Amino acid sequence: MALKFQCKPFSFRLSRVLQTAQGVVEERQGWLLRLEDCAGRCGWGEVAPMDVAGLKACGDCLVKLRLAPTRLELEEGMAFWPAPLAFGVGAALAELDGLVGSLATGGWLAAPASAVLLPAGQPLLNALDSMLERVPSAADPFTVKWKVAVAPDALERRLLLQLLERLPEHARFRLDGNGGWDRSVVSWWVERCLQDARLEWLEQPLPAGDLEGLRALAQQVPVALDESLVLEPSLRESWSGWQVRRPLLDGDPRPLLRGLQEGVGYRMLSTAFETGIGRRWLHHLAALQHQGPTPVAPGLAPGWCPDGPLFSADPEVVWAAA
């Protein structure tokens with residue numbers, strides 16, 4: 001069966017510049033996808049790699065897609081396309097099939113409360129203090145995430161001690177290294193955080209390819225993989241600890257959707273700074289995770305994307321705004 005295929009580019013700037021050990025993120029760009037079947041039903045997708053090479057690879061593949069591809073062509077193509085393109089197409093097909101969205105039981109689910117993404121470096125403390133002023137009650141649990149391995153290590157060590165002094169006992173914290181530490185540096189952080197009950201995990205503390213080091217660390221302290229899962233997708237099946245899953249970068253979202261519906265544990269859903277079309281998926285999957293055996297706050301980075309129609313929950317509004 002042939003499907004009507006449409007593609008439309010989008011771009012936007014983040015509300016704030018995000019600094020990570022892998023570089024700076026200021027802008028997001030990509031394509032919105034629209035698939036329509038012979039009955040007039042629509043499925044929507046979003047394709048938004050994080051790097052220039054990924055944008056070119058996805059763009060090259062999109063140029064080759066016919067205006068009326070068959071279902072078989074799309075299903076077979078996903079095995080060869082870059083993961084962000086496979087997400088966009090898989091998301092649209094899943095919506096057409098009623099696995100999610102208005103045709104599914106319960107529709108799109110709303111996300112639970114997010115962890116708070118704190119800025120890197122010295123601005124961390126002011127951001128933390130401002131956030132603590134807004135916490136409704138001293139007893140309300142919340143989670144903060146801090147991007148580390150960005151500023152000089154000596155400065156970040158001092159900032160960690162100040163963060164831990166300010167952080168209430170009922171709060172939780174995550175440290176995200178984005179693969180920026182080496183084994184000699186990470187040992188101090190493990191020693192300092194090991195006995196702190198507020199630590200949720202160290203997120204990708206070592207380079208993505210250092211699986212030996214990551215496995216050794218995981219014997220001492222909770223470790224969540226992120227970039228390693230992108231470099232070696234088979235780890236999604238074999239890593240028994242926490243996995244940071246960014247749906248827009250993962251590939252076809254249907255296996256993750258199925259796993260969360262079946263109650264798989266130790267997954268945390270995280271943003272890749274998506275438009276409203278991709279955000280529906282992120283929120284839905286985060287809600288399923290929170291209903292599962294190991295509920296945690298998702299990483300939605302509230303306040304880091306601008307407001308506007310591009311971030312609407314209505315895909316028609318997003319499409320018109322692109």
Side-chain angles (χ1 to χ4, degrees), residues 20 22 45-51 54 57-58 75-94 99-100 109 111 115 145 174-179 200-219 221-274 278-279 281-300:
T20 78
Q22 301 301 318
E46 180 173 335
V47 181
M50 295 292 289
D51 60 301
C58 289
E75 294 284 5
E76 291 182 343
M78 279 187 281
F80 304 98
W81 293 334
L85 177 54
F87 168 81
V89 172
L93 291 174
L99 301 181
V100 293
L109 300 178
K145 173 177 174 175
R174 305 165 182 170
L175 303 180
D176 184 4
N178 288 114
E200 206 156 51
W201 58 65
L202 301 182
E203 188 169 322
Q204 198 64 51
L206 295 173
D210 188 4
L211 295 180
E212 180 183 359
L214 289 163
R215 290 189 176 106
L217 273 184
Q219 299 301 312
V221 66
V223 170
L225 295 190
D226 183 353
E227 285 84 354
S228 291
L229 303 177
V230 178
L231 180 67
E232 184 51 67
S234 64
L235 286 168
R236 297 170 188 168
E237 305 302 323
S238 62
W239 182 261
S240 59
W242 283 100
Q243 298 181 20
V244 177
R245 303 297 293 270
R246 290 179 287 171
L248 257 72
L249 307 181
D250 259 11
D252 183 356
R254 291 172 293 184
L256 179 57
L257 173 67
R258 183 167 55 252
L260 292 172
Q261 288 171 333
E262 294 172 354
V264 67
Y266 297 102
R267 305 293 187 268
M268 192 280 287
L269 277 296
S270 186
T271 182
F273 304 104
E274 40 284 299
R279 184 180 287 178
W281 271 92
L282 175 61
H283 287 192
H284 185 78
L285 295 173
L288 290 174
Q289 192 281 337
H290 213 258
Q291 295 170 5
T294 55
V296 291
L300 308 180

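Position 1 is the first residue of the sequence; numbering continues from there. Since the structure is predicted, the reported quantities are computational estimates derived from the model, not experimental observations.
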Donor-acceptor contact present, side-chain [X] to main-chain [Y], <3.5 Å:
{"X": "W281", "Y": "H284", "value": "no"}
{"X": "R267", "Y": "G265", "value": "yes"}
{"X": "Q289", "Y": "T294", "value": "yes"}

Euclidean distance, [Y] [atom2] relative to [X] [atom1], rounded to 0.5 Å:
{"X": "D252", "Y": "W81", "atom1": "CG", "atom2": "CH2", "answer": "10.5 Å"}
{"X": "T20", "Y": "M50", "atom1": "OG1", "atom2": "CE", "answer": "8.0 Å"}
{"X": "L217", "Y": "E212", "atom1": "CG", "atom2": "CD", "answer": "11.0 Å"}
{"X": "L231", "Y": "D226", "atom1": "CG", "atom2": "CG", "answer": "11.5 Å"}
{"X": "L202", "Y": "W242", "atom1": "CG", "atom2": "CH2", "answer": "14.0 Å"}
{"X": "L225", "Y": "W201", "atom1": "CG", "atom2": "CH2", "answer": "11.5 Å"}

Can you tell if the side chain of [X] reaches within under 4.5 Å of the side chain of [Y], non-hydrogen atoms only?
{"X": "L257", "Y": "L288", "answer": "yes"}
{"X": "L300", "Y": "H283", "answer": "yes"}
{"X": "L93", "Y": "R254", "answer": "yes"}
{"X": "P205", "Y": "L214", "answer": "yes"}
{"X": "F87", "Y": "L256", "answer": "no"}
{"X": "R245", "Y": "R236", "answer": "yes"}
{"X": "Q204", "Y": "Q22", "answer": "no"}
{"X": "L211", "Y": "S228", "answer": "yes"}

For the pair L260 and L269, evaluate side chain to side chain contact (heavy atoms under 4.5 Å, CB included) and give the outcome as yes or no after the intermediate values. CA-CA 11 Å; L260 292 172; L269 277 296; 4.2 Å; yes
Considering all heavy atoms, the nearest [X]-[Y] contact:
{"X": "G88", "Y": "V47", "value": "CA-CG2, 4.1 Å"}
{"X": "A48", "Y": "L249", "value": "O-CD2, 3.7 Å"}
{"X": "D210", "Y": "G213", "value": "OD1-N, 2.9 Å"}
{"X": "P253", "Y": "A86", "value": "CD-O, 4.3 Å"}
{"X": "L235", "Y": "Q243", "value": "O-NE2, 3.8 Å"}
{"X": "H290", "Y": "V296", "value": "CD2-O, 3.3 Å"}

By the definition salt bridge (Lys or Arg N to Asp or Glu O under 4.0 Å), identify the one residue from R246, K145, R174 that meets it with E203. K145
